[in-house]
Each structure stands twice: as structure tokens, then as C-alpha cells.
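Side chains included, hydrogens not; waters and symmetry mates left out as well; all remaining heavy atoms used.
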2 protein chains.
Amino acid sequence: MGIVRKTKAVNTVLNIFEHNNEAKSVVNLIELVKGEMNKTTVYRILDRLEQDGTIHCFNGKDGLKWYAKCNGCSENHHYDLHPHFQCTNCDKVECLSLEVKIPSLKNHKVDTTDILLMGQCSDCLT
Amino acid sequence: MGIVRKTKAVNTVLNIFEHNNEAKSVVNLIELVKGEMNKTTVYRILDRLEQDGTIHCFNGKDGLKWYAKCNGCSENHHYDLHPHFQCTNCDKVECLSLEVKIPSLKNHKVDTTDILLMGQCSDCLT
DNA sequence: GGTTTAATGCAACTAAGTTGCGAAAGTAGA
DNA sequence: TCTACTTTCGCAACTTAGTTGCATTAAACC
């Protein structure tokens, strides 16, 4: 069970994800809400939102934890198998809504995938 | 430029990668050479071996840095685009020698990919 | 409004990874 | 093999992401 109470802090975090479609690193989020709430609170709210299926978590190339809004996820089923794209120029991370086919592996059972593409985003290409 | 001197510590680290084909987390490597060398030395040797193209680096699902031996890599060109497989049961990580096709993205230039598959390895399936 | 309990703030902590510097050990040339 | 030069190492101190415990605050339901 994730979020049970809609506190001011929860709304603030939700607003950030609602307002633009980019993924955010926890470090960045903590910076964004500095003065408004404690970093512990940020970590705990993200934990709860993830349990709810509101957001999903993955690792950026920088080794940091990143979070982004989920599309069509619920507490029970998490469609977090989509790849992410991180721009090596501006560091912005996007969720990609395409499916990557993984060739089947003998003697291995693949449950989840974690795919990060890196390069230049549309803003940095022009 | 990476390794210039073949020290005892460098040989110890190289031996670990030569003896089996698994990827190792830095934390695990530090544990393996405990008493023989300092953790700072481990980090620095790994840095140099990576620059040489002897080993390559990627992030495990645990958020830790992992290293594995390179096949056919040089200082100039790094063929580190292969996917990795991490067993969720025994934590062992393997390099997979298969190619994953990434569909082309409009307005994006993809330079590198970081693909981690997770599930059960052959040892843990039986 | 009062009570219950989830959520928050704070401070202290853990652990991965980095940095600076003096000491030790490769390497090359005599 | 001895010497001189320069890389590499060890140590200690530091940085930063992320976690934990506990007392306090504030949603939510009556």
C-alpha cells in the first residue's frame, strides 16, 4: 500500500511529475523542493508513489535513481519495461514508448529489462 | 592512457577477470582482494584497465558499478554495447554476446546503449 | 473539536566512491 | 646492479546518495 493521505508534500511532488513528462533524478527533485520539505520526505513519498504505480524508478547512467510518471500502471501490474533515453548533452531523460525485442536466451528466464539509450535529444541536436 | 606498469596489484585484479568470465561489482572486488590492497587502489586500477579497453563498466540493478572483461575492445574503440544479464536469485552477472536491435528514433541520435536483463540464470533455474 | 495513525523533520548513520599527499616500487639508462 | 625518475600505492579524510529511529505534526474520520 502506497499513499494513503494527500498531504501538501505529496501534492507538491505529484505536481512536478504532472507538469512535464520528463523523468527526474531524486537529487534533482530534492533540489526542486528545497525549503518546502526534507529530503527524507522526498525519498519516502517517491517510495509510496512507486508502490501505488503512479511513478516508476530506474537507474540513470550517472548511477542515480530516477523517477518518472507511469502510463497505465497499477499497484499490481507494472508496465515499466519501456526504455529510457538520456541526453549526454543536457542530461534530460525521457521515457520512450517503444518496445524493444529481446532475443530469447536458452537456459535463462528473463523477467524484466532495464534499457537506457544515450545520445543527443531533439533539443540538443538542432 | 591506462596501465603503464605491471604491478603486483594490477596482476591480482587481472587474474580475477581472467579466471572466470563473470562480471564483478567493485564492492565484490574490494572484498576479494581485502588484505592485499587498498580500496582506492582497486578503483584506480579499474579506471586504468577501462581506459586500456581491457575491461568495461556498467551499472547493476543494485546501483553499484560492475566491471567485466572486454572482448575485442581497444583504447580507441569500445564494443561495450552488448547486454548484461543479472540473476535476481544469486546476483551473478553475465555478459551476453547477442545484439539487441534498437528501433530508430526520430529527432534522436543514439550513441550508446545500456541494457540489463534480469531474471533467473541457468544455475538457479534447475 | 477530539482521537487515531500516517506522514514529516531532524539528526545521526551507512556505504560507495573520490581526493591529496607522502611513501613505496616499477622501469629505464648507465 | 646501482641510480634516478615517475608511476603507483596506502592511508586518512572527505563527499554524497540513500537509510533509520524517534519525537512531533497534521490528515482523516468520527
Side-chain angles (χ1 to χ4, degrees), chain A residues 1-17 23-68 75 84 86 91 93 114 116, chain B residues 1-17 23-68 75 84 86 91 93 114 116:
Chain A
M1 188 184 41
I3 294 286
V4 247
R5 293 185 187 176
K6 280 255 175 177
T7 64
K8 229 178 96 186
V10 169
N11 283 325
T12 303
V13 172
L14 276 174
N15 258 328
I16 292 171
F17 286 111
K24 298 273 181 200
S25 72
V26 183
V27 173
N28 185 214
L29 281 167
I30 289 169
E31 184 64 28
L32 283 172
V33 299
K34 197 185 226 166
E36 261 184 282
M37 77 189 80
N38 194 272
K39 70 166 179 171
T40 314
T41 306
V42 177
Y43 279 107
R44 288 197 272 227
I45 288 175
L46 292 171
D47 263 2
R48 278 179 273 144
L49 288 175
E50 192 186 11
Q51 280 179 60
D52 272 355
T54 312
I55 56 175
H56 61 273
C57 175
F58 57 95
N59 299 316
K61 194 57 193 171
D62 44 21
L64 299 181
K65 259 189 167 180
W66 286 71
Y67 281 93
E75 193 178 339
H84 294 95
Q86 183 159 30
D91 274 343
V93 175
D114 197 1
L116 183 65
Chain B
M1 189 183 39
I3 294 286
V4 242
R5 293 185 187 178
K6 279 256 174 177
T7 64
K8 231 178 92 187
V10 168
N11 284 325
T12 304
V13 173
L14 276 174
N15 259 328
I16 292 172
F17 286 111
K24 299 272 182 201
S25 72
V26 183
V27 173
N28 185 213
L29 282 166
I30 289 169
E31 185 63 28
L32 284 171
V33 300
K34 198 186 224 165
E36 262 184 279
M37 77 189 81
N38 193 273
K39 71 167 178 170
T40 313
T41 306
V42 177
Y43 278 107
R44 289 197 272 225
I45 289 175
L46 292 171
D47 262 3
R48 277 179 273 144
L49 288 174
E50 192 187 12
Q51 279 178 59
D52 272 356
T54 312
I55 57 176
H56 61 272
C57 174
F58 57 95
N59 299 317
K61 194 57 194 171
D62 43 22
L64 299 181
K65 259 189 166 180
W66 286 71
Y67 281 93
E75 194 180 336
H84 294 95
Q86 183 160 30
D91 274 344
V93 175
D114 197 2
L116 183 64

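- Checked against B:T12 for a side-chain contact (heavy atoms from CB on, under 4.5 Å), the options B:V42, B:V33, B:T41, B:T7 give a single hit: B:V33.
- Considering every non-hydrogen atom in both A:E50 and A:H56, the closest pair reads CG-CA, 4.5 Å.
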Inset, instruction - Going 5' to 3' through nucleotides 24-30 of chain D, assign each nucleotide B (protein heavy atom under 4.0 Å from a base atom), S (under 4.0 Å only from sugar-phosphate atoms) or - (no protein heavy atom that close). - result: --BBS--

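- Remark: side-chain polar atoms of B:Q86 are not paired, donor with acceptor, to backbone N or O of B:G60 under 3.5 angstrom.
- To the nearest 0.5 Å, atoms CG (A:L32) and CE (A:M37) are separated by 10.0 Å.
- Expressed to the nearest 0.5 Å, how far CD1 of B:I30 lies from OH of B:Y43 amounts to 4.0 Å.
- When each of B:M37 and A:R44 is assigned the nucleotide of DNA chain D bearing its nearest heavy atom, the one mapping closer to the 5' terminus is B:M37.
- The closest side-chain heavy-atom distance from A:V93 to A:F58 is below 4.5 Å.
- Taking the side chain as every heavy atom from C-beta outward, B:L116 and B:K61 approach each other to under 4.5 Å.
- Between A:N38 atom CG and D:dC22 atom C1' there is a gap of 14 Å when expressed in whole angstrom units.
- Summarising the geometry of A:N59 relative to B:G63, their closest heavy-atom pair is ND2-N, 4.3 Å, with the distance given to 0.1 Å.
- Of all nucleotides in DNA chain C, those with any atom nearer than 4.0 Å to a heavy atom of chain A start and finish, going 5' to 3', at C:dT5 to C:dA11.
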Using nucleotides 13-16 of chain D, report all nitrogen or oxygen pairs with the protein that are shorter than 3.5 Å.
none

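- We find that CD of B:E36 is positioned 15 Å from C1' of D:dG10, with the value rounded to whole Å.
- Looking only at distances, a side-chain donor or acceptor of A:D52 sits under 3.5 Å from a matching main-chain atom of A:I3.
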